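The structure under discussion appears below in the form of structure tokens.
Keep in mind it's a predicted model, so treat the numbers as computed, not measured. Every chain is numbered from 1, with letters handed out A, B, ... down the list of sequences.
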Amino acid sequence: MDPSTTTRPTLLVVDGHSLAFRAFYALPVDNFSTEDGQATNAVYGFLTMLSQVIETEKPDRVGIAFDVKGGTFRNELLAQYKGTREAAPEELLSQLPLIQQALTALGVRWIEKTGYEGDDVIATLATMGERDGCRVLVLSGDRDAFQLIDDDVTVLYPGYHFKDLKHMDPAAVEAKYHVTPRQYPDLAALRGETSDNIPGVPGVGDGFAAKWINQYGSLDAIIEHADEIGGKKGEALRENLDQVRLNRRVNTLVRDLDLGVTIDDLGYGHADADLTERLFGELQFGERTRTKLLASFNTATDASGRQEESSIPAIVEPLVDTLTDAASLSMWIEQYCPPADATGDGPDRSLDVIAEYDRQGMQCADAVRRSWTLYVDGDAKPGHAAARMAAIMAGAHAVVFDPADPRYHDTLRALLDTRAGSMSVHGFKESLHMLTAAGLRCPSVLFDTNLAGYLIDPDFQGGSLEECAAHFLDIHIDGHAEGPSQGTLGFEDDDQDEDPAQRCIDHAAVVAALARRLAPEIERREQYPLLRDIELPTSRVLFHMERIGASVDRARLDELHAQFADESARMEAIAERAAGRSLNLQSPKQLGVVLFEEMGLTPTKKTRKGSYTTNAAALQMLYATSEEGSKANEFLGALLRHRETNKLKQIVETLIDAIDPKDGRIHTTFTQTVTATGRLSSVDPNLQNIPNRNAAGREIRSGFVPGDGFVDLLSADYSQVELRIMADLSGDEALIEAFRSGADFHRYVASLVFGVPVDEVTPDERGRVKAMSYGLAYGLSTYGLSKQLGISNGEATTLRDRYFETFGKVHDYLESLVANARRTGYTETIFGRRRYFPDLNSPNRQRRDAAERGALNAPIQGSAADIMKIAMIRADRALRDAKLVSRVVLQIHDELVVELAAGEVEEATALVKDAMEHAVDLAVPLDVSTGVGVDWQRAAH
DNA sequence: CGGGTCACGTA
DNA sequence: CGTACGTGACCCGC
């Protein structure tokens, strides 16, 4: 690979008809038309889709190709050619001139050529662009465009969702069709193209066509050897030779038309504001749509203002060195990458002595300044992880290479083994996924800009490198650090007209700049120990959990799905019968009509937007008050049942869809930088909200099972962690004693609060105290408490007063949390995780109250999250140290699920329990209860 | 198609 | 008018 520092302009060529078709069929025409009946769905869709592509690809030149009415030379060859396409509905055809007018107004060039198709215009533009040294992107849903693909031309081919455009390069074509882009028209000629009404050889699809092409080299050669091909398919081929020859002539795109434009004419960004406004007015586009479109097509015009905003001053544009072989990489590393700091004891420090943990080794800014940066480009999704390219930046130098290239492996292994301790990355967990896909291991890193950014501002949403760069490099961090001049003006980040290698290098440079910016801030806040000893090791554990995935019993899930689907359908039928008509039970809007208009029921509550709520609580209320045996009663009963089972059906469905066919397991992604409190979250799918509260939903847990080679699942969870944290942090003797006594906690507390002996506490009293205890950490109001317990506000107030009389220090502690947060602006967990609450001083009472509740909750929920992270690190290490194969597979905030191997049940259970119980030393014991079973449900306890 | 809203699952 | 999340369905856009 020869990374080049020269950047090239990008030309975007768009298949106008293909995009218009796509837009037309994606958007319901009913929703988009002007008052006088002109359809606008294709116009709207066309422009929004195009603006999306322009915003992501940021091309320098744009040309839109259109077909011209009337025939082309192809019709003379093939009478039925595009017979299907001529049948385009009038509603679409009438919009094409509008699209072209809009493009003109927006300053985007569109081109057509009489007697030729848009495809020929595209082919010509792409060829011209290539000749002028452009990187060419062709946006088209027409596979004929694949023949244009080469090293300089990429086709953006829309997938099921328009937004996931597939970047079809030569490798992608070969992977999908097993022929080169140049051979693709041969393949298409054999196969035919149904959407263009072109028949191929009957019975021959992509597979056979590719087989023949690879066997004989080309279509010509296949035709030449047609007699040698046996079987039914050979026969079919011989019978259709003329058709195939014709197909091949028709699908060859013309690349040398005289279009009367040059590539330089295809600049854009100078929209005619008046013309646009007038046209959009006629189309009755809303204000928001207008400004959005105008802005995205006008970026170049107001570049003076905008581009400065997105330039990143802290970035050093590196000198790129060229690699020729492993030896040159080795020498480069020797020269530029510093070895790990010998004095530090590495990121994975022991957490065994967490009790004496005193946040040592807080310095990181100096080390980060001397560190080197690795950026890996690829896919970090567990199950499909892949590494495409990697760049290392050290000082002002950079190299780029293919990490999966075996020539570099020994060198890279040595590098990571010995010097990862002086390496910065953006996303350690993601890097591990990609490096592993490339066959590399990585022991530890010095710094992670994603995790660091999260610790600095956990409310900032957006873990992508771009978002972090915008947030932390563009904007000063809470008024601190006047940003010592980085010396260089840097490059503009909106320069996307660069090859992947260059982009990889640029990203590495951004990570390096981010690391230099964030490390001093982390150090100033004394958060490096939190990053190094908790977040980074947690990333590693999560990486393993994601990679392993959770094993499920497909047959069991299928069975549950059928069960829920059946019940759901039955309830739907009953509800519709009672309603006297068919309706969509999943539409709150339709439900509102039936309930509150047709049946005349009295609505209880409104939603924010003014419609009447149909949530379960409201329906339950209506159900309870409706007359037994009435239509409404029958309807509501069925609706409630439908809600429940249909929800369960959906949950099971998403689980089934998430099963990785390669291993039959579900690989969730645990996001580590999302929640404002420090908890993890689980996405794609979310395995942290599998039903557990009622029997029917809990059944779903029986679908989670030990995988091959494992015999049981262990479920280990903390009892009342948050309350125990409150006991410790408040220092309230009564509450501490309540936990130390080992008695039934809520019963014990109730006896104190109500002043009765423990064995005389009624279930009702216990329940009230339990609700009160849990409500505390949420900032529960007496109003909320009364509502939840169904008691009067007075009774709730009395309960609260008695509670705080009994546990006075808890009260003081909770008050102090808010008071301190108001003073400092933030709250802090046991391990120094911060969360900022600017709204504590808001003049808006609602916002202020919400901030107060957040400030109450964040340190408690956050400390619990810290503790669980430590527990996970310790559990993972304990299992490894004991050389067990049992492994942690899931975390659900206060619970770990472990896959147990035969013969390890007792030992692994004891190790995990111990790891959790001794994650931290509090004034109260941490109680962990465990259960073992052949599925997750049976492992419950 | 993409974003907002509603409803609802978890700790 | 307790905290923290993620997902799926519907509906709208003009």
I'd like a table of donor-acceptor pairs (distance under 3.5 Å, sequence neighbours excluded) in which one partner is a side-chain atom from residues 691-699 of chain A, with atom names and distances.
{"residue": "Asn694(A)", "atom": "OD1", "partner": "Ala696(A)", "partner atom": "N", "Å": "3.4"}
{"residue": "Asn694(A)", "atom": "OD1", "partner": "Gly697(A)", "partner atom": "N", "Å": "2.9"}
{"residue": "Arg698(A)", "atom": "NH1", "partner": "Asn692(A)", "partner atom": "O", "Å": "2.6"}
{"residue": "Glu699(A)", "atom": "OE1", "partner": "Arg556(A)", "partner atom": "NH2", "Å": "2.6"}
{"residue": "Glu699(A)", "atom": "OE2", "partner": "Gln937(A)", "partner atom": "NE2", "Å": "3.2"}

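- Rounded to a whole angstrom, the distance from the C1' atom of dT5(B) to that of dG2(C) is 22 Å.
- Applying the side chain to side chain donor-acceptor pair (under 3.5 Å) test to residues at least two apart or on different chains, the pairs with a partner in residues 280-290 of chain A are Glu277(A)-Arg290(A).
- Residues passing the side chain to side chain donor-acceptor pair (under 3.5 Å) test with Asp801(A), sequence neighbours excluded: none.
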### Task
For nucleotides 1-6 of chain C, just jot down a letter per nucleotide in 5' to 3' order: B, S or -, based on protein non-hydrogen atoms under 4.0 Å.
BBBBSS
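- A sub-4.0 Å separation between OP1 or OP2 of dA7(B) and a side-chain N or O of Thr614(A) is present.
- Contact annotation: Thr607(A) side-chain N/O to dC6(B) OP1/OP2 distance is under 4.0 Å.
- Here the P atom of nucleotide dT7(C) and the CD1 atom of Ile690(A) are 11 Å apart, to the nearest Å.
- Annotation: side-chain contact (heavy atoms from CB on, under 4.5 Å) contacts of Ser140(A) (sequence neighbours excluded): Asp15(A), Ser18(A), Val138(A), Asp142(A), Ala145(A).
- Every residue two or more places apart in sequence or in another chain that forms a side-chain contact (heavy atoms from CB on, under 4.5 Å) with Thr798(A) is listed here: Arg802(A).
- For Arg643(A) and dA7(B), the shortest distance from a side-chain N or O to OP1 or OP2 is not below 4.0 Å.
- Across all strands, Lys163(A) comes closer than 4.0 Å only to sugar-phosphate atoms, never to a base (heavy-atom distances).
- The nearest whole Å value for the distance from the CG atom in Leu640(A) to the P atom in dA7(B) is 13 Å.
- The side-chain contact (heavy atoms from CB on, under 4.5 Å) search around Pro28(A) returns Asn31(A), Phe32(A), not counting sequence neighbours.
- Close to dC1(B), at under 4.0 Å from its OP1 or OP2, lies a side-chain N or O of Arg22(A).
- Here the P atom of nucleotide dG2(B) and the CG atom of Asn41(A) are 15 Å apart, to the nearest Å.
- For the ring pair (Phe, Tyr, Trp, His ring centres under 6.0 Å) test, residues two or more places apart in sequence or in another chain that qualify with Phe807(A) are Tyr803(A).
- Taking the six-membered ring for Trp, Phe837(A) and Tyr826(A) have ring centres at least 6.0 Å apart.
- Atom CZ of Arg938(A) is surrounded by 12 or fewer heavy atoms from other residues, nucleotides or ligands within 6.0 Å.
- In this structure, Leu648(A) places its CG atom 14 Å from P of dG8(C), rounding to the nearest Å.
- Between dG2(B) and Gln52(A), a contact under 4.0 Å exists linking OP1 or OP2 to a side-chain N or O.
- Within the structure, a side-chain polar atom (N or O) of Thr613(A) is placed less than 4.0 Å from OP1 or OP2 of dA7(B).
- Using a 4.0 Å heavy-atom cutoff across all strands shown, Ala865(A) reaches no nucleic acid atom at all.
- Contact annotation for Thr48(A): no contact, since no heavy-atom pair falls under 4.0 Å across all strands.
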### Message
For a quick check, with a 4.0 angstrom heavy-atom cut-off, what is the B/S/- contact string for nucleotides 9-14 of chain C, read 5' to 3'?
### Response
SSSBBB
